[in-house]
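Okay, structure first, notes after.
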There are 2 protein chains.
Amino acid sequence: MHEWQEEVLAEVRAGSRISDRDIVDKVRRAVLMQRLPPGTRLPEVTLGEVFGVSRSVVRKALTRLASEHVVDQRPNQVARVRAPSIEETRETFAARRLVEGEVASLLAGRLDAASRDRLAAEARGEIEAHGRGDEPARIEHSLAIHHLLAELSPNRVLGAMLTDLILRTSIVIALYKWANLASCFLEGDHTTLLAALEQGDAEVAREGIRHHLESLEALLDLSPREASIDLKAILGRSREQA
Amino acid sequence: MHEWQEEVLAEVRAGSRISDRDIVDKVRRAVLMQRLPPGTRLPEVTLGEVFGVSRSVVRKALTRLASEHVVDQRPNQVARVRAPSIEETRETFAARRLVEGEVASLLAGRLDAASRDRLAAEARGEIEAHGRGDEPARIEHSLAIHHLLAELSPNRVLGAMLTDLILRTSIVIALYKWANLASCFLEGDHTTLLAALEQGDAEVAREGIRHHLESLEALLDLSPREASIDLKAILGRSREQA
DNA sequence: GACATGAATCCTGTATACAATGAATGGGTT
DNA sequence: AACCCATTCATTGTATACAGGATTCATGTC
């Protein structure tokens with residue numbers, strides 16, 4: 001039993017009934033918040049002790065996390081937090097541009113009043129949070145906007161794919177964000193995007209999304225030298241992160 | 001213990017070591033071949049007896065099949081073979097057109113000689129199989145072409161998404177294919193597609209795929225009256241298919 | 001000191017037992 | 001006959017035990 005588990009996941013112990021879904025949510029969130037860095041070992045018994053359940057439940061949770069590309073699960077080996085390579089990061093962004101662009105184009109001019117209000121509220125919330133320097137809250141609002149787009153997608157299949165891609169890009173954003181860059185906030189991007197959606201021009205909306213995501217990707221440090229991160233994660237022997 | 005299991009899955013029993021992957025493969029294939037119709041109950045113990053393993057292994061297999069959208073797994077209920085609705089079928093095709101079109105566009109003019117040969121061989125095999133009326137073999141070759149595209153995709157993330165979409169569309173093709181229509185063979189489509197890929201024009205390749213998939217979808221019977229299939233599957237009380 | 005070898009340990013893979021939930025069944029009432 | 005309720009059965013959810021593979025560490029050899 002090492003140290004990270006207590007600090008990161010202790011809060012959950014208070015919860016009454018823990019199911020595999022809870023574990024998935026908590027771990028996913030911890031990875032997203034970089035409290036569980038890539039390469040972190042996730043042994044089944046340890047996780048079970050932390051959450052107060054047996055390995056059966058943990059195993060199911062880990063399998064689902066693996067299918068979400070959050071952890072790496074190889075036969076006879078400890079599950080570890082995944083460390084997507086630079087190449088995969090680029091490919092994930094490209095896939096998301098394609099899918100989210102299409103979703104935006106399908107959604108253009110089709111938003112009902114309620115959805116528009118929810119989106120606008122999140123956009124305002126993001127700006128506010130950024131204004132008062134509350135980065136976690138800002139990320140929360142930004143993610144909410146994109147998740148809302150996925151949820152509202154008229155094509156549910158594409159919507160589900162987008163949900164997955166948003167998660168994966170969020171993880172790599174946390175991973176490859178410039179260390180000195182506090183925020184990945186693109187002033188006004190979301191606002192103009194929503195305007196395009198209301199306007200109803202599918203191609204403008206699609207391009208709006210593509211541009212937004214390209215700018216986001218450009219904020220990351222994907223230079224080849226960072227490839228060492230992968231090596232460290234793969235070769236890393238220490239039980240903590242490299 | 002009912003009857004379908006013996007006939008459909010008995011062949012596996014001879015195999016030496018059965019892992020969850022084997023079960024996933026076998027069940028997926030059986031669903032694809034319509035030997036396990038939508039709504040079929042897949043109880044864990046029964047499956048375990050058929051394959052000669054315990055519920056632990058079966059459970060893992062079912063979870064993976066659920067994440068592949070092959071079976072429906074609801075809490076405290078028997079897993080059943082999924083019956084995608086008409087609406088979902090349309091959405092799946094739309095998603096596949098988007099993704100496979102992009103993959104084709106990325107692949108245009110980038111095929112190395114070996115890949116070209118493999119694709120051409122499958123295309124020839126499909127035509128031959130169709131010539132001698134061997135529909136299962138024809139489907140096999142046709143699927144191989146598309147799976148090869150997914151595998152060759154320069155963008156691996158899109159490739160994996162495409163693999164999933166090919167499976168899902170194949171299942172609904174089997175489901176909604178005109179009863180009297182023996183084949184979903186579109187003469188020459190694959191050949192001209194490969195020509196476009198070699199030619200190297202990304203947009204021609206993309207449109208080739210989109211047109212091919214639209215034609216395929218048009219061959220299906222997606223008229224609203226068929227919605228009864230879903231009801232039967234959902235309400236079906238009999239242990240066999242509705 | 002570097003490297004190979006072996007044992008001890010950790011961890012996962014699988015099977016099984018028990019608890020809990022949901023569906024099917026049957027009897028009784030209107 | 002139709003409906004309601006309690007009981008029974010089928011099936012999943014969870015915990016645990018044991019076996020096997022992987023990793024780690026200590027020992028011995030070059």
Side-chain angles (χ1 to χ4, degrees), chain A residues 1-5 12-13 15-24 27 39-67 71-82 232-242, chain B residues 1-5 12-13 15-25 27 39-67 71-82 232-240 242:
Chain A
M1 185 99 105
H2 315 310
E3 71 251 27
W4 59 264
Q5 295 92 349
V12 197
R13 225 180 309 212
S16 49
R17 279 284 130 98
I18 303 295
S19 83
D20 59 316
R21 187 165 226 115
D22 299 311
I23 302 181
V24 171
V27 173
T40 306
R41 292 159 49 92
L42 300 172
E44 298 175 355
V45 279
T46 314
L47 234 49
E49 285 167 6
V50 170
F51 286 99
V53 294
S54 83
R55 283 178 53 211
S56 324
V57 188
V58 174
R59 269 176 91 73
K60 192 168 184 178
L62 284 176
T63 302
R64 295 180 64 166
L65 284 166
S67 80
V71 308
D72 244 348
Q73 222 182 1
R74 306 156 98 121
N76 292 322
Q77 276 177 248
V78 202
R80 303 175 100 100
V81 176
R82 230 168 90 81
K232 278 194 288 188
I234 290 165
L235 305 175
R237 63 185 61 259
S238 80
R239 65 207 74 218
E240 314 309 326
Q241 88 284 13
Chain B
M1 182 99 104
H2 316 309
E3 70 251 26
W4 60 263
Q5 295 91 348
V12 197
R13 224 181 308 214
S16 49
R17 282 283 129 102
I18 303 295
S19 83
D20 59 315
R21 186 163 228 116
D22 298 311
I23 300 181
V24 171
D25 289 343
V27 174
T40 305
R41 291 158 48 91
L42 299 172
E44 298 175 354
V45 278
T46 314
L47 235 49
E49 287 167 5
V50 171
F51 286 101
V53 296
S54 84
R55 283 178 54 212
S56 325
V57 188
V58 174
R59 269 175 92 72
K60 192 167 185 180
L62 284 175
T63 302
R64 297 181 62 164
L65 284 166
S67 81
V71 307
D72 243 348
Q73 222 184 1
R74 308 158 99 114
N76 291 320
Q77 277 177 251
V78 202
R80 302 174 100 101
V81 176
R82 230 168 91 83
K232 278 193 289 188
I234 291 165
L235 305 175
R237 63 182 64 261
S238 79
R239 63 207 75 218
E240 313 309 324

Got a sec? Which of residues 54-64 of chain B come in under 4.0 Å of DNA chain C, heavy atoms? S54(B), R55(B), S56(B), V57(B)

Please convert DNA chain D into dot-bracket. A pair counts if it is Watson-Crick or G-U wobble with both distances under 3.5 Å; crossing pairs go in [ ] and bases paired with another strand get |. ||||||||||||||||||||||||||||||

Side chain to side chain contact (heavy atoms under 4.5 Å, CB included) assessment of V81(B) paired with L42(B): CA-CA 7 Å; V81(B) 176; L42(B) 299 172; 4.0 Å; yes

Verify the contact: side-chain N or O of Q77(B) to OP1 or OP2 of dT11(D), cut-off strictly under 4.0 Å; return yes or no. no

Separation of F51(B) atom CZ from dT14(C) atom C1', in whole Å? 17 Å

Tell me the interatomic distance from L47(B), atom CG, to dT11(D), atom P, rounded to whole angstroms. 12 Å

So, using salt bridge (Lys or Arg N to Asp or Glu O under 4.0 Å) as the criterion, who are the partners of R21(B) when residues are at least two apart? none

Taking the nucleotide of DNA chain D with the closest heavy atom to each, which residue, N76(A) or P75(B), is nearer the 5' end? P75(B)

Quick check for you: among dT12(D), dC11(C), dA15(D), whose closest atom lies nearest to any side-chain atom of V53(A)? dA15(D)

Can you check whether V71(A)'s main-chain N or O pairs, donor with acceptor, with R82(A)'s side chain at less than 3.5 Å? no

Given side chain to side chain contact (heavy atoms under 4.5 Å, CB included), test V45(B) with V58(B) step by step and report yes or no. CA-CA 8 Å; V45(B) 278; V58(B) 174; over 6 Å; no

For D22(B) and dG13(C), give me the distance from atom CG to atom C1', rounded to whole Å. 14 Å

Rounded to whole Å, the CZ-P distance (R80(A) to dC11(C)) equals 11 Å

Correct closest heavy-atom pair for Q73(B) and A79(B) would be CG-CB, 4.2 Å

Would you mind reading off the distance between R41(A) atom CZ and dA22(D) atom P, rounded to a whole angstrom? 15 Å

Among the candidates dG22(C), dT12(C), dG13(D), find the nucleotide nearest to the side-chain atoms of E44(B). dG13(D)

Side chain to side chain, V53(A) and I23(A), heavy atoms closer than 4.5 Å: yes

I need the CD-P distance between E49(B) and dA15(C), as an integer number of Å. 13 Å

Could you state the CG-C1' distance from D72(B) to dT12(D), rounded to the nearest angstrom? 16 Å

Within a strict 4.5 Å, meaning less than it, do heavy atoms of the T40(A) and R80(A) side chains meet? no

Going through the distances and angles, do R59(A) and K60(B) end up as a side chain to side chain contact (heavy atoms under 4.5 Å, CB included)? CA-CA 9 Å; R59(A) 269 176 91 73; K60(B) 192 167 185 180; 4.0 Å; yes

Using the rule given for side chain to side chain contact (heavy atoms under 4.5 Å, CB included), can you reason through E44(B) versus L62(B), listing the C-alpha separation, both sets of side-chain angles and the distance that settles it, and then say yes or no? CA-CA 8 Å; E44(B) 298 175 354; L62(B) 284 175; 3.9 Å; yes

Can you tell me the distance, in whole Å, between the CZ atom of R74(B) and the P atom of dA23(C)? 10 Å

